[in-house]
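Only one structure is covered here, and it is reproduced in the block below.
A quick note: this is a predicted structure, and the numbers were derived from the prediction, not measured. Basis for what follows: all heavy atoms, side chains included, without hydrogens, waters or symmetry-related copies. A, B, ... follow the sequence lines: proteins, then strands. Residue 1 opens every chain.
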Protein chains: 2
Amino acid sequence: MNPDLRRERAAASFNPELLTHILDGSPANTRRRREIENLLLNDPDFQHEDLNFLTRGQRYEVAVRKSACMVKKMREFDIADPKEIMWFKRKLLVNVDPMNLNYTMFIPTLLNQGTTAQQEKWLHSATGAQIIGTYAQTEMGHGTHLRGLETTATYDPKTQEFILNSPTVTSIKWWPGGLGKTSNHAIVLAQLITKGKSHGLHAFIVPIREIGTHKPLPGITVGDIGPKFGYDEMDNGYLKMDNYRIPRENMLMKYAQVKPDGTYVKPVSNKLTYGTMVFVRSFLVGEAAQALSKACTIAIRYSAVRHQSEITPGEPEPQILDFQTQQYKLLPLLANAYAFQFVGTYIKDTYHRINEGIGQGDLSELPELHALTAGLKAFTTWTTNAGIEACRMACGGHGYSHCSGLPRIYVTFTPTCTFEGENTVMMLQTARFLMKSYDQVHSGKLVCGMVSYLNDLPSQRIQPQQVAVWPTVVDINSPDSLVEAYKLRAARLVEIAAKNLQTEVLHRKSKEVAWNLTSVDLVQASEAHCHYVVVKLFSEKLHTIQDESIQAVLRNLCLLYSLYGISQKAGDFLQGGIMTESHITQVNQRVKELLTVIRPDAVALVDAFDFQDVALGSVLGRYDGNVYENLFEWAKKSPLNKTEVHESYYKYLKPLQSKL
Amino acid sequence: MNPDLRRERAAASFNPELLTHILDGSPANTRRRREIENLLLNDPDFQHEDLNFLTRGQRYEVAVRKSACMVKKMREFDIADPKEIMWFKRKLLVNVDPMNLNYTMFIPTLLNQGTTAQQEKWLHSATGAQIIGTYAQTEMGHGTHLRGLETTATYDPKTQEFILNSPTVTSIKWWPGGLGKTSNHAIVLAQLITKGKSHGLHAFIVPIREIGTHKPLPGITVGDIGPKFGYDEMDNGYLKMDNYRIPRENMLMKYAQVKPDGTYVKPVSNKLTYGTMVFVRSFLVGEAAQALSKACTIAIRYSAVRHQSEITPGEPEPQILDFQTQQYKLLPLLANAYAFQFVGTYIKDTYHRINEGIGQGDLSELPELHALTAGLKAFTTWTTNAGIEACRMACGGHGYSHCSGLPRIYVTFTPTCTFEGENTVMMLQTARFLMKSYDQVHSGKLVCGMVSYLNDLPSQRIQPQQVAVWPTVVDINSPDSLVEAYKLRAARLVEIAAKNLQTEVLHRKSKEVAWNLTSVDLVQASEAHCHYVVVKLFSEKLHTIQDESIQAVLRNLCLLYSLYGISQKAGDFLQGGIMTESHITQVNQRVKELLTVIRPDAVALVDAFDFQDVALGSVLGRYDGNVYENLFEWAKKSPLNKTEVHESYYKYLKPLQSKL
């Protein structure tokens, strides 16, 4: 092991193994997770190959091979629990899986929206991958706004078939994962038309390739949408349908139905489709935590190994982690990663709790959960997105090489800011809930849950022109006191957005135009709300930690997270007199002190995330810290090094030189 | 042309052609630039091919072909002016050039540091590309800190040769562009040792591949460092030397010399090597402006073409540029791009002015220029780096596809934050100048240039605990008044950093440790200084604009730039009482109003950047706005679409399905 890393680990103030148990939920969970990881790690079929040296076609092929292998393993090991499948993928497979949507979207949609007969017809084949399905919703010209989708499914009672059409270029289904080359079926979202009337979006099971030959079926145009920033292994695809007929039974009819004669039967309720969306978004919060944790692991280990420049002339080059500027880049992100880990666990648990309630008919908490997951999805993915790049750039030049693993983590993560609800749209959904809650309080009703701080608003009217309205004395060394400060900031920004919205309503023709003209304020209010939630959950987590040494280090991380946020958004805290100038000066000073305090535990804190080297995919972030010799070995494998003299020399350089 | 874009262009309040002239410096410059562009555009040898569909090996080959072609064209058209060469590349070649360093580093270094005899020996061959040179400075374990470089050049008086060695793995030369496969020579920076004594870094001309065969020479290990985030076309390389001997005459000896007997002769001054560095950094400011302008062009045109969602229910989907949140993402970046365009021109002109002075022995302005280019390089590249990604994400899902061109612009630009001086190190260099200037003022001497505001400090002592110390009444509608506000903010943050530094000096053993423990404050002071410079240059530019309609629109952009910055850093302006809470509330409101005011001119403002479609490399940013049909055509070219059924189906999916 690299001597710097050995020294770092020996000097840590706590036992990282105990912290790993906390992150996993229990020692038993840690054991089970490692069991599954090792099962795959020791399996020769999963031998890791470095995708960086392959072409996109080769990468796709590797991914299909692994994907097919995974299906076999699941049969072999009898693993069917979706959570354990996710563990498989999340921790081990650095690559992207072309058959992923069959398991995460096609089958779940069939289960949620298909009748028993439909499930009997397709489920077994889909589970066994004879049917490989995907989920085709977005179109070339239409994403977030579902009502804008153009694909039509027109019922023909004569043949009892639906006729599917992509009437325009913009209506071509675009982006679905695995659609281009891998899938032979898709659940297609289309505007249902029957008896000359449109009934909005419905889901249809559409065969797109022939079983046995995999050839596209007549009437179907299908293909890969081309190279992207990342996801090289995924054949995101397009699908164009021209008068393509499917049997009536291929419409998923658990809720809405079309009778043989074309009569449309409305669904009883739309609320339950809600659930999947909320689940996926809450899952993405956990994904953000994982991605940021990975990036921090790489950057912090490398910063302990890397020596550069000088603090005191004549002395040996220090570890770059000893530079205050480097600590200022990485340690707040590390605190962030821990915060998001705890938020991820909270939101997962809350989802399961509320989902059980829904199973028993209690929908009361769904609106807040919906608003919270939307906002937290946006808040955590935006922060993580910028954080991964900050980690990459903190690794200097080598961060830019694929040997660092960081470019790949970034390009694999960044779509989460856009998919499953574009982040700005998500923030505005949260804002809608905040405005509703605000109105409710002002009409004299109490609100509960995370927004309950709004109940205090009418008694603490915000007077922006005045200083020190808030009856708070902020103690910058108390996490709980900082939660109060964040709460007041959120309350203030919610109130400002609400008042600006009211003012616009007074001046404009419509509520909708007013909403648009206040949307910048509304997004800021949502951000402040989410920030408060994260600070609150982090500080509450501290109360559950038994081990004193871990308590101490997490408390410092929580303080750093909260104080760094205040120093970045000082204006918000100064306004309305939540904090004073002297507070802010103290906060800035305290942040610098905390960097020094946390620095010695930095390596142990990333070790506790417990990523195996193969999951990091990084020469710089290796557990053993033997970076440089492995960097050289890695570079030698570059395809350009296959020949000593590249053929372009003979083609272009030699002729050029002889022409002199 | 897409009807939305036609409507946008028809409704613009000014003539974009006139603004293009301003950006180019004059109508004549615009003419000449377009002449050169069209020369290449109409040349069949330069026919643009889409690199996105090629493997890295193919991309490298295309780049070598174009690079060789460029050399021929320069001979043919008799173009030797480095600025015109840069025009060629900057506007037209979206790709990266493996022979670039021959012209931008190898030849200039030979000219600056080689004797006349050395220039006679190598210059002609290098200009004609018989010698293809690169510049090998950074090592695997060493970047910014030059004294840390390990490569040695030991003089052997017996044979009158230098013996070059890479004594450790970390000493292997790493990263130089074109080093891996293309170059046959390198200027190598190595620690000179003669008569048993080390004399620090010196430059040596080192043949690495045999002329005629291009084979690596004995004692040389050379190759490609492997795939990176971007720069696929560039063979960034490694170079390991084992007792590799070169003649004494291969040390560049214009300044320092080693006599045949090994006697070392010191250079008279080191200052002049300074110049190249300053030039490259000032050039990067212009590059930042170009990259951000390109990204804005793509995102704004696409936002005018793209319809999505709804503002008012039942009405057609609006252009996404009509959403306030979209304007808030893009228009401040557009203002930024204009600001950086003007800063780029200013810094280029200033460089040339001061450089002329240096030619006449006047070095007085060099320290400030050095500090200013370091800080502005960091400030503009950081902002642009984040800005490109914001533009990409503002394009929704399609931004993530290589069809948008944005991923490529990002990965090609982002290294500028690290190379030619890592940005944090750059900010600290600027801070060193600011601290020196601060000390000078406090010792009673006046400072001049951009830091002259520090002269006012002693009379306007900052009292952080008190409000409204500054005798300023900020008029948020006056660019000049906002310059004053930025000036006060910079002065305040410089003073805080200086005082914190003093405090640390009082508490710590050494000045160096104190510097490290204040470095976060020092970086913030530098950022505030650079921000002030940008605001000042933008507002001064307004006074030179004749055309009233252009005056008006640039004035609004300047206001947006300045006010947006204040709203983002409100804490800095509230502290020290530079602005009041009521100011900040007004600023936030005014920013939203300016979005509405600038919105109708957005497309014309990006048209004025005058990028040809081939330079943007973007389906989304096409001038004609015909995005969707071209998106489909582009996707069809994806290599995965070459066969209807991908071979991985036969290999992995079919066997899997038959096993059911």
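In this structure, chain B has heavy atoms under 4.5 Å from both the backbone and the side chain of A:Phe323. When heavy atoms are compared at a cutoff of 4.5 Å, A:Leu631 approaches chain B by way of both its backbone and its side chain. Looking at B:Ile172, the atoms closer than 4.5 Å to chain A (heavy atoms on both sides) all sit in the side chain, from C-beta outward. Heavy-atom distances place no part of A:Gln327 under 4.5 Å from chain B, backbone and side chain included. Only the side chain of B:Asn184 comes within contact range of chain A, judged by heavy atoms closer than 4.5 Å. Residue contact with chain B, scored on non-hydrogen atoms closer than 4.5 Å, involves the side chain of A:Tyr238 exclusively. For chain B, the nearby parts of A:Val411 are the backbone and the side chain; heavy atoms of each come within less than 4.5 Å. Residue A:Asn500 touches chain B through its side chain alone, counting heavy-atom pairs closer than 4.5 Å. Within the 4.5 angstrom heavy-atom criterion, only side-chain atoms of A:Gln524, from C-beta onward, approach chain B. For a residue to count as touching a neighbouring chain, one of its non-hydrogen atoms must lie under 4.5 Å from one of that chain's; by this rule A:Glu644 touches chain B with backbone and side chain alike.
A 4.5 Å side-chain heavy-atom check between B:Glu61 and A:Glu647 finds at least one atom pair inside the cut-off. A 4.5 Å side-chain heavy-atom check between B:Gln657 and A:Ile132 finds at least one atom pair inside the cut-off. Using a 4.5 Å heavy-atom threshold, the side chains of A:Leu653 and B:Met99 count as touching. Between B:Glu317 and A:His142 the shortest side-chain heavy-atom distance falls below 4.5 Å. B:Thr414 has its side chain within reach of A:Met393: a pair of non-hydrogen atoms, C-beta onward, lies under 4.5 Å apart. With a 4.5 Å cut-off on side-chain heavy atoms, B:Val64 and A:Lys651 do not count as touching.
Not counting sequence neighbours, B:Tyr231 has no partner by the ring-ring contact (aromatic ring centres under 6.0 Å, His included) test. Considering only residues two or more places apart in sequence or on other chains, B:Tyr652 meets the ring-ring contact (aromatic ring centres under 6.0 Å, His included) condition with none of them.
Counting heavy-atom pairs closer than 4.5 Å to chain A, the top residue among B:Arg392, B:Arg209, B:Lys329 is B:Arg392. If you tally non-hydrogen atom pairs under 4.5 Å between each of B:Ile584, B:Leu517, B:Val523 and chain A, the highest count goes to B:Leu517. Comparing A:Thr312, A:Thr325, A:Asp572, A:Thr55 by how many heavy-atom pairs each has under 4.5 Å with chain B, the most go to A:Thr325. The residue among B:Ser510, B:Pro216, B:Cys417 with the most heavy atom pairs within less than 4.5 Å of chain A is B:Pro216. Of the listed residues (A:Pro415, A:Gly148, A:Ser67), the greatest number of heavy-atom pairs within a distance under 4.5 Å of chain B belongs to A:Pro415. Interface summary for chain A: among B:Gly230, B:Cys69, B:Ser404, the most heavy-atom pairs under 4.5 angstrom belong to B:Gly230. Between chain B and the residues A:Gln589, A:Lys569, A:Glu512, the most heavy-atom pairs under 4.5 angstrom are made by A:Glu512. Listed options B:Thr418, B:Val169, B:Thr213, B:Asn385 were ranked by heavy-atom pairs under 4.5 angstrom with chain A; first place goes to B:Thr213. If you tally non-hydrogen atom pairs under 4.5 Å between each of A:Gly57, A:Gly396, A:Pro313 and chain B, the highest count goes to A:Pro313. Taking chain B as the reference chain and counting heavy-atom pairs below 4.5 Å, the highest number among A:Pro639, A:Gly397, A:Ala570 is found for A:Gly397. Counting heavy-atom pairs closer than 4.5 Å to chain A, the top residue among B:Tyr410, B:Trp515, B:Phe419, B:Tyr650 is B:Tyr410. Between chain B and the options A:Gly180, A:Gly226, A:Pro407, the largest number of non-hydrogen pairs under 4.5 Å is found for A:Pro407.
Under the 3.5 Å distance criterion, the side-chain polar atoms of B:Lys636 are left unmatched by any main-chain donor or acceptor of A:Gly223. Checking side-chain atoms of B:Lys654 against main-chain N and O of A:Gly212 turns up a donor-acceptor pair under 3.5 Å. The closest donor-acceptor contact from the side chain of A:Arg306 to the backbone of B:Gly141 lies under 3.5 Å. Between the side chain of B:Asn588 and the backbone N or O of A:Asp521, no donor-acceptor pair lies under 3.5 Å. The closest donor-acceptor contact from the side chain of A:Glu581 to the backbone of B:Gly576 lies under 3.5 Å. A donor-acceptor distance shorter than 3.5 angstrom exists from the side chain of B:Asn641 to the backbone of A:Asp224, with no hydrogens or angles considered. A donor-acceptor pair is defined here as one N or O able to donate and one able to accept, closer than 3.5 Å; no such pair exists between the side chain of A:Lys592 and the backbone of B:Val520.
Ring geometry for A:Trp175 versus B:His398: interplanar angle under 30°, hence parallel rather than tilted (30 to 60°). Classification of the B:Tyr649-A:His214 ring pair by plane angle, with boundaries at 30° and 60°, yields parallel.
Residue B:Cys403 holds its SG atom at 11.5 Å from NZ of A:Lys228, rounded to the nearest 0.5 Å. Rounding to the nearest 0.5 Å places CD1 of A:Ile225 at 11.5 Å from NE2 of B:His402. Here CD of A:Gln324 is found 12.0 Å from OG1 of B:Thr424. Values are rounded to the nearest 0.5 Å. B:Leu574 contributes atom CG, which lies 5.5 Å from atom CD of A:Gln575 (distance to the nearest 0.5 angstrom).
Between A:Phe229 and B:Glu389 the shortest heavy-atom distance is CE2-OE2, 3.9 Å.
When the shell of 6.0 Å around NZ of A:Lys637 is examined, it contains more than 12 heavy atoms from other residues, nucleotides or ligands.
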